[in-house]
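Heads up, the thing below is written out as structure tokens.
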Amino acid sequence: MSEAHDPYAALRHPHYRRLLLGSVLASAASEMLSVAIGWEIYQRTERKDALGYVGLVLFLPVVLLSLPAGHFADRHNRKAILLGTQLLAVAACIGLALLSFSEEVLLQHRIAVIYGLLLLLGAARAFGAPARWALVSQLVPAQTLGNAIAWNSSGWQVASMTGPALGGLVIWLTDRAAWTYVLSAAGWLMCVVLVASLRPRGQPRLKEELSVRSLLAGVRFVWQTKLILATITLDLFAVLLGGATALLPVFAKDILEVGPAGLGCLRAAPSAGALVMALTMAHRPPLRRAGQTLLLAVGGYGLATIVFGLSQNFLLSLAVLAVTGALDNISVVVRGTLVQVLTPDAMRGRVSSVNMIFISSSNEIGAFESGMTAQWFGPVASVVGGGIGTILVVLGVLSKWPEVLRLGSLRAAEVVEPADEERPARGD
């Protein structure tokens with residue numbers, strides 16, 4: 001069997017396996033912490049807006065720091081950056097645990113410190129994600145990047161399903177969030193150990209000092225590389241308009257009437273569908289008509305979202321949510337592979353940071369959009385309208401960037417060198 005058709009091609013590289021396992025542990029730790037933070041803050045404040053501030057506090061560092069973080073990842077050792085950010089996450093978790101164990105701290109001070117520690121976590125995420133994504137290309141050959149992206153997606157879906165369940169179980173058993181913070185710290189610490197053992201290939205180092213020009217080089221590269229711009233734009237607006245996750249509590253309580261247990265199943269359904277699709281794509285040869293598949297997948301995502309919005313049957317709702325997760329995963333793999341394959345190694349940190357801003361914006365702003373339109377027009381109209389909007393976005397992207405439809409095998413894609421005036425200086 002040739003490596004192009006080997007479903008375990010990326011996993012045959014031991015250092016990539018360590019990075020993948022470390023990423024799964026870190027993602028599971030993040031999911032556990034998310035559950036614990038929400039439970040603790042609402043228990044102590046009984047304010048719904050306090051929960052909204054959690055997302056804002058985690059989102060702001062990503063928006064403000066991602067571009068400098070991408071520049072930093074191209075200029076400095078990516079492994080060292082990843083180690084430092086994971087250690088920062090460990091320290092923040094320990095701080096949250098100590099704060100949760102201590103009952104003497106005044107309530108207003110406690111909540112303020114919690115938000116401060118969440119800012120540290122957001123900063124760690126902003127600097128760690130570009131370094132982690134760019135590091136993959138230093139651990140596997142270029143022809144194996146697509147397979148590595150598929151396994152990355154599989155790992156993230158496993159973490160997104162097991163992390164919240166484990167975090168909630170620990171809170172239920174101990175009746176407090178503190179031990180979940182301790183478990184999260186342990187997950188990040190194991191990630192540190194695994195990352196420390198990596199031996200990546202050398203990376204071209206950006207010698208240019210931080211400036212507006214070098215800071216925006218990733219933005220310019222994405223703008224000039226139409227395939228990357230088209231695919232991340234497609235994903236941004238599809239998730240922003242078509243995401244129904246923020247409204248699942250409303251559907252579980254008022255429309256499907258399945259209560260909190262049903263809500264848990266609804267939350268897990270997209271991840272379950274995405275995991276099945278990620279494993280399927282990892283075991284299949286690379287897509288031969290990646291552009292056509294991508295457009296059909298995002299259009300199908302919009303259609304499935306419409307069906308979910310109109311459904312009043314719990315099993316049908318579960319099924320179409322699983323379909324949305326599976327179809328979204330196709331978009332994740334195609335977009336992630338294009339970003340890795342088309343980007344020169346010396347720019348991968350900065351381009352990955354731009355990609356991260358798009359992803360974070362679609363998730364956070366999408367949740368805000370869903371909530372506001374549901375408040376104005378009702379949850380069904382919000383979800384159905386979002387699904388229709390997603391289909392219109394597909395048509396708009398097809399009209400604006402017809403080259404997406406002509407995109408063939410991702411394996412045949414080649415690195416796009418930046419224009420001479422944008423090409424970064426390289427060191428050893």
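Predicted, not measured: the structure shown is a model, and the values here were computed from it. Scope of the values below: all heavy atoms of this structure, side chains included, with no hydrogens, waters or symmetry mates.
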Is any side-chain heavy atom of Y301 closer than 4.5 Å to one of I330? no
Calculate, to the nearest 0.5 Å, the distance between atoms CE and OG1 belonging to M32 and T162 respectively. 8.0 Å
Apply side-chain contact (heavy atoms from CB on, under 4.5 Å) to L65 and F127, showing your working. CA-CA 7 Å; L65 299 177; F127 275 86; 4.0 Å; yes
side-chain hydrogen bond (donor to acceptor under 3.5 Å, both in side chains) with Q138: which of R201, K79, R199, R78? R78
Do V384 and T305 have side chains that get closer than 4.5 Å, going by heavy atoms? no
Are any of the side-chain heavy atoms of L64 and P61 separated by less than 4.5 Å? no
Is there a side-chain contact between P130 and F72 in this structure, where contact means two heavy atoms from C-beta onward sitting under 4.5 Å apart? no
Donor-acceptor pair, side chain of W151 and main chain of P7, under 3.5 angstrom: yes
Measure from the side-chain N and O atoms of S66 to the backbone N and O of V62, and report whether any donor-acceptor pair falls under 3.5 Å. yes
How close do R18 and L198 get, heavy atom to heavy atom, and via which atoms? CB-CD2, 3.7 Å
Taking T390 for the side chain and G386 for the main chain, is one N or O donor matched with an acceptor at less than 3.5 Å? yes
Between atom OG1 of T233 and atom CZ of R335, what is the distance when rounded to the nearest 0.5 Å? 11.0 Å
Please answer whether the main-chain N or O of V222 pairs with a side-chain N or O of T225 as donor and acceptor at a distance below 3.5 Å. no
Would you give the length of the straight line joining atom OG1 of T324 to atom CG of N329, rounded to the nearest 0.5 angstrom? 11.0 Å
Between T231 and I228 (side chain of the first, backbone of the second, donor and acceptor by atom type, cut-off under 3.5 Å), is there such a pair? yes
Heavy-atom closest pair (P200 atom, L135 atom, distance to 0.1 Å) is CB-CD1, 3.9 Å
In sequence, state the C-alpha distance, the side-chain angles, and the governing distance for Y16 and N152, and then conclude on side chain to side chain donor-acceptor pair (under 3.5 Å). CA-CA 10 Å; Y16 170 74; N152 283 352; 2.7 Å; yes
Hey, mind stepping through L139 and H13 against side-chain contact (heavy atoms from CB on, under 4.5 Å) and telling me if it holds? CA-CA 7 Å; L139 300 176; H13 299 272; over 6 Å; no
Within the side chain of S137, is there an N or O that forms a donor-acceptor pair under 3.5 Å with the backbone of A134? yes
Contact check, side chains of F101 and R176, non-hydrogen atoms, under 4.5 Å: yes
Among V383, V320, I391, exactly one meets side chain to side chain contact (heavy atoms under 4.5 Å, CB included) together with I306. Which residue is that? I391
Considering all heavy atoms, the nearest V323-A304 contact: CG1-CB, 4.1 Å
Quick one: CG on N147 to CG on L11, what's the gap to the nearest 0.5 Å? 6.5 Å
On a heavy-atom basis, which atom in I81 and which in A131 lie closest, and how many Å separate them? CG2-CB, 3.9 Å
Expected output: side-chain T280 to main-chain V276 donor-acceptor under 3.5 Å: yes
Could you tell me the separation between the CG atom of L194 and the CG atom of L20, rounded to the nearest 0.5 Å? 10.0 Å
Is S27 reaching over with its side chain to a backbone N or O of V24, donor-acceptor style, under 3.5 angstrom? no
Is there side-chain contact between S154 and L275, with at least one heavy-atom pair below 4.5 Å? yes
I'd like to check the side chain to side chain donor-acceptor pair (under 3.5 Å) partners of S23; sequence neighbours left out, ordered by chain and number. R132
Over 60° means perpendicular and under 30° means parallel, so tell me whether F251 and F308 are parallel, tilted or perpendicular. tilted
Verdict with reasoning, L166 to T180, per side-chain contact (heavy atoms from CB on, under 4.5 Å): CA-CA 8 Å; L166 185 57; T180 303; over 6 Å; no
Quick one, S317 and L256 - any side-chain contact, counting heavy atoms below 4.5 Å? yes
Going from OG on S184 to CG on L121, what distance comes out if it is rounded to the nearest 0.5 angstrom? 9.0 Å
Do L295 and L234 have side chains that get closer than 4.5 Å, going by heavy atoms? yes
Heavy-atom closest pair, residues Y181 and S100: CE1-CB, 3.8 Å
Testing the basics here: between V394 and G299, what is the closest heavy-atom pair and its distance to 0.1 Å? CG2-N, 3.7 Å
